[in-house]
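Heavy atoms only: backbone and side chains are in, while hydrogens, waters and symmetry mates are out. All values derive from a computational prediction rather than experimental measurement.
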Amino acid sequence: MISIIINYFYYKYIFTYATLTMAILIIYINIQLEQEKKMKELELKVNENKMSLMLSQIQPHFLYNVLNAIDGLCYENEKAHMALISFANYFRFNMDSLGQKKLIPFEKELNHTKQYLWLEKLRFEERLNIIYEINVIDFLIPVLTLQPIVENAVCHGITKKRSGGTITIKTEEIMDYYIITVIDDGVGINHDKPLSKNKSHMGIVNVRDRLLVACNGKIIIESTIDKGTNVRIEIPKLK
């Protein structure tokens, strides 16, 4: 604007084009700096999400409770050994999963989930019953898809009931999808509280987001207070 005013009154001073060039250069530099700032903020957010995922899957209270359960088995050498092996495998899988972006075989996720449930069974004994109805295993899923859903059913469904209950894990194959269903007869989910604002169900939110991004999968939840919850995971077949 200054160069235009000067150029208007003093024609021999041709500042307009030079100043316009400088202005465009300054704008370009500002845009580049802003983009770099946004990229750094995005990278920081991604790293924070990874850390949140790690913390959400490796709960301190779960680690301490499992260690206490194992400590109580010290006089039963064989069972204590099995508990330690299962716990080590569970922990290793969770740590290895932090940087895992590719889909993994469902069987691998199922084995991880079984180790988790075996450890929880040590704590809750007859209060936790498990049924497997696995009809198909030959498909791929995002890492840490099944186990967090099952953990949510244990911690916020079954164990909230004084009498405990049963978790059923089913798989089936239909025309375009592989279906994983986790059923519990626990206390149910309060639909008046959105999952995204309910800290106790953040595991479901994380799984839902990973499914959508990794394989365009989805979660369907049906729940009735005091009767239980049915979580259906739909994995599209690869074409």
Side-chain angles (χ1 to χ4, degrees), residues 53 56-58 62 82 85-122 124 128-159 164-186 188-189 195 201-224 227-239:
L53 174 61
S56 68
Q57 301 306 329
I58 307 175
F62 171 67
M82 291 175 61
I85 293 298
S86 293
F87 180 64
N89 290 336
Y90 169 85
F91 190 78
R92 186 183 300 112
F93 186 95
N94 273 24
M95 295 301 295
D96 291 344
S97 298
L98 293 177
Q100 178 66 263
K101 296 180 180 179
K102 296 181 180 180
L103 301 178
I104 66 169
F106 169 73
E107 187 174 13
K108 189 174 183 180
E109 177 78 9
L110 178 62
N111 288 337
H112 177 60
T113 303
K114 286 182 176 180
Q115 288 179 333
Y116 163 77
L117 286 172
W118 192 88
L119 291 167
E120 290 287 45
K121 184 74 173 174
L122 285 179
F124 299 111
L128 175 61
N129 301 299
I130 306 151
I131 298 174
Y132 296 101
E133 298 180 8
I134 308 300
N135 299 305
V136 58
I137 61 172
D138 190 18
F139 60 96
L140 302 176
I141 63 171
V143 67
L144 289 178
T145 295
L146 176 61
Q147 187 272 328
I149 298 298
V150 172
E151 181 174 350
N152 193 81
V154 172
C155 297
H156 306 293
I158 299 299
T159 59
T166 300
I167 290 178
T168 301
I169 302 174
K170 300 171 58 176
T171 64
E172 57 185 315
E173 179 181 1
I174 59 177
M175 184 174 295
D176 297 319
Y177 294 91
Y178 294 104
I179 308 298
I180 307 168
T181 308
V182 178
I183 305 168
D184 73 73
D185 55 2
I189 296 174
L195 291 179
H201 298 298
M202 284 303 296
I204 293 180
V205 175
N206 290 334
V207 172
R208 181 190 64 192
D209 294 343
R210 288 201 302 277
L211 276 170
L212 181 62
V213 172
C215 64
N216 201 31
K218 62 181 179 180
I219 289 181
I220 301 171
I221 302 174
E222 298 177 353
S223 186
T224 303
K227 290 187 178 180
T229 302
N230 185 321
V231 179
R232 175 184 170 103
I233 303 171
E234 296 185 355
I235 309 290
K237 290 184 178 180
L238 298 176
K239 296 181 180 179

I'd like to check [X] versus [Y] (side-chain heavy atoms, cut-off strictly below 4.5 Å). Are they in contact?
X    : Y    : value
Y177 : K237 : no
Y116 : V154 : yes
C215 : I141 : no
D185 : T168 : no
R210 : L144 : yes
I180 : E234 : no
K114 : W118 : no

Judged by atom type as modelled, is there a donor-acceptor pair below 3.5 Å linking the side chain of [X] to the main-chain atoms of [Y]?
X    : Y    : result
S223 : G228 : yes
K121 : L128 : yes
T229 : D184 : no

Over 12 foreign heavy atoms within 6.0 Å of CG, N135: yes
Between atom [atom1] of [X] and atom [atom2] of [Y], what is the distance when rounded to the nearest 0.5 Å?
X    : Y    : atom1 : atom2 : result
I167 : I149 : CD1   : CD1   : 11.5 Å
I179 : I174 : CD1   : CD1   : 4.0 Å
L211 : T145 : CG    : OG1   : 5.0 Å

How close do P142 and E109 get, heavy atom to heavy atom, and via which atoms? O-OE1, 4.5 Å
Note: K170-E172 ion pair, threshold 4.0 Å (strictly below): no
